[in-house]
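Atoms within each ligand, like the ligands themselves, are counted from 1 in listed order. Remember, it's a predicted structure, so these values are computed and weren't measured experimentally.
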Amino acid sequence: MTKHLISSADLTRTEVEDILATAASMHDLQRREVKKVPTLRGRTVINFFFEDSTRTRSSFEIAGKWMSADTINLSAKGSSTSKGESLRDTAQTIDAMAVDALVIRHSASGACHQVAQWVRCSVINAGDGMHEHPTQALLDAYTLRTRVGDLDGKHVVIVGDLTHSRVFRSNVITLTTLGARVTVVAPPTLMPSGIEAWSETDGFATSWDLDAVLEGEDAVDAVMMLRVQRERMSGGYFPTAREYTVGYGLTRERLDRLVTRNPDVLVLHPGPMNRGLEIAPEAADSPQSVVLDQVSAGVAVRMAVLYHLLAGSDDESDRADETDGADETDGAAGTVTTEGALR
Ligand code: CP
């Protein structure tokens, strides 16, 4: 795996599958009473979030802590960014403290790529503007694979505010890399410009008609609803919230029709959800919803990403070496490891 994780396109299929396999081991660990392993002891991970976050920031922090890394959270407010320090100066200042990884969320598309040119440590993109959110795509793929197995040939429909969605961009890359068939649906005003060329290159379908896709010949295995990102909208992208819901929301009626065709259909949403706008509460809380599974997978997948970037080896024997004989309790460090915890 490369030094940084900036885009989902940084990962080959083999690398994605390696990360998902590691995440499965990490998920087992998550179910244990004592979750801590020494894998990243002595490593320092800085979570620098210039935009708000609940899931990504807390799961990166938990992931680092469970792997015994020293994790520190910074936000724009409370750092010298609020005094006008540039992104470059801020990034290089943190890097000068000999940290190992910088996890960055930023409102500017391309910010993480730019920071990676300036620093020595690894950079992980935790969401940059309207560009990408690669660990979200990995955790979505993990959630899907846990439920439906191999994604080859599975039909995943991604619906909503595509123009402003970094989750959609990363998911299209990761899902098609894993062999899924992807259809993206949005009103014309929220369909990104240039998507026709991209869809031809990467082999996914586009549509403005949600009902035609959901009821088409190609049965749907999973539907991923995206948040309407009002905070990134400067103009009127749709007449009213009601009209958006009628055309593009996962209403109870739409879910009922989906379930009639495929009782095993899955409903995903990266969160935070606008209940009643892009997803009805009945759909968000339905047996088909895996929204909280996605959150749970987020910790395991971020542990796996930190492991692959920072632990220094993808080799299974090395991983075994790290855990062999590690079924001891290190009382002073408060660290308990159990044999095979990472396998
Ligand atoms: N899905 C996601 O990125 O959520 P947060 O904004 O809460 O991190």
Side-chain angles (χ1 to χ4, degrees), residues 5-8 19-20 23 27 45-66 71-78 101-112 123-144 146 156 158-175 184 222-233 250 266-275 277-279 283-285 289-306:
L5 180 55
I6 308 295
S7 163
S8 295
I19 291 170
L20 299 186
H27 221 168
V45 178
I46 308 283
N47 297 321
F48 202 159
F49 279 61
F50 294 83
E51 271 192 342
D52 292 343
S53 165
T54 297
R55 293 151 201 79
T56 313
R57 179 165 51 187
S58 51
S59 59
F60 263 115
E61 184 176 2
I62 291 169
K65 285 188 163 147
W66 282 356
T71 60
I72 293 168
N73 291 330
L74 287 173
S75 56
K77 189 170 161 37
L102 195 46
V103 178
I104 303 178
R105 171 167 291 189
H106 200 282
S107 59
S109 303
C112 300
V123 175
I124 302 174
N125 182 356
D128 63 329
M130 300 184 288
H131 177 224
E132 282 211 46
H133 195 350
T135 58
Q136 178 71 43
L138 288 167
L139 74 88
D140 291 336
Y142 179 89
T143 304
L144 285 167
T146 303
V156 181
I158 303 176
V159 188
D161 179 0
L162 302 182
T163 289
H164 302 103
S165 177
R166 53 199 179 206
V167 172
F168 138 71
R169 285 176 176 79
S170 285
N171 256 293
V172 164
I173 297 167
T174 298
L175 291 173
V184 301
V223 58
M224 181 184 297
M225 304 308 297
L226 299 175
R227 183 169 72 87
V228 174
Q229 300 194 32
R230 294 178 199 260
E231 76 278 14
R232 295 191 210 276
M233 293 182 181
L250 186 59
L266 299 176
V267 173
L268 295 92
H269 192 303
M273 295 185 278
N274 292 307
R275 286 174 179 257
L277 180 55
E278 72 263 2
I279 187 165
D285 301 327
S289 170
V290 290
V291 170
L292 293 179
D293 296 35
Q294 291 172 266
V295 176
S296 173
V299 177
V301 161
R302 286 165 181 137
M303 289 174 83
V305 167
L306 289 173

Query raised in the report: Should His27 and Ser296 be marked as a side-chain hydrogen bond (donor to acceptor under 3.5 Å, both in side chains) after you check the CA-CA gap, both sets of side-chain angles, and the distance that decides it?
Result: CA-CA 8 Å; His27 221 168; Ser296 173; 3.0 Å; yes
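Under a 3.5 Å cut-off, the side chain of Arg227 and the backbone N or O of Gly271 do not form any donor-acceptor pair.
Donor-acceptor pairing under 3.5 Å is recorded for the side chains of Ser7 and Glu132.
Exactly one residue among Leu268, Asp140, Leu144, Val267 makes a side-chain contact (heavy atoms from CB on, under 4.5 Å) with Val290. That residue is Leu268. Checking each of Val123, Leu74, Ile6 against Ile104 for a side-chain contact (heavy atoms from CB on, under 4.5 Å) leaves exactly one that passes, namely Val123.
Arg105 NH1, 2.8 Å is the protein heavy atom nearest to atom 6 (O) of ligand 1. The protein non-hydrogen atom at the shortest distance from atom 2 (C) of ligand 1 is Thr56 OG1, 3.6 Å. Atom 7 (O) of ligand 1 has its closest protein heavy atom at Arg55 NH1, 2.6 Å.
Those atoms of ligand 1 with a heavy atom of Gln136 less than 4.0 angstrom away are 1 (N), 2 (C). When each atom of ligand 1 is checked for a heavy atom of Pro270 under 4.0 Å away, the hits are 1 (N). Short contacts between ligand 1 and Thr54, defined as distances under 4.0 Å to a heavy atom of the residue, involve ligand atoms 5 (P), 7 (O), 8 (O).
Checking only distances, His133 does come within under 3.5 Å of ligand 1, N or O to N or O. Checked against a 3.5 angstrom limit, the closest N/O atoms of Gly271 and ligand 1 fall inside it.
Under 4.0 Å is where a charged nitrogen must lie from a carboxylate oxygen, and between Arg169 and Asp128 no such pair does.
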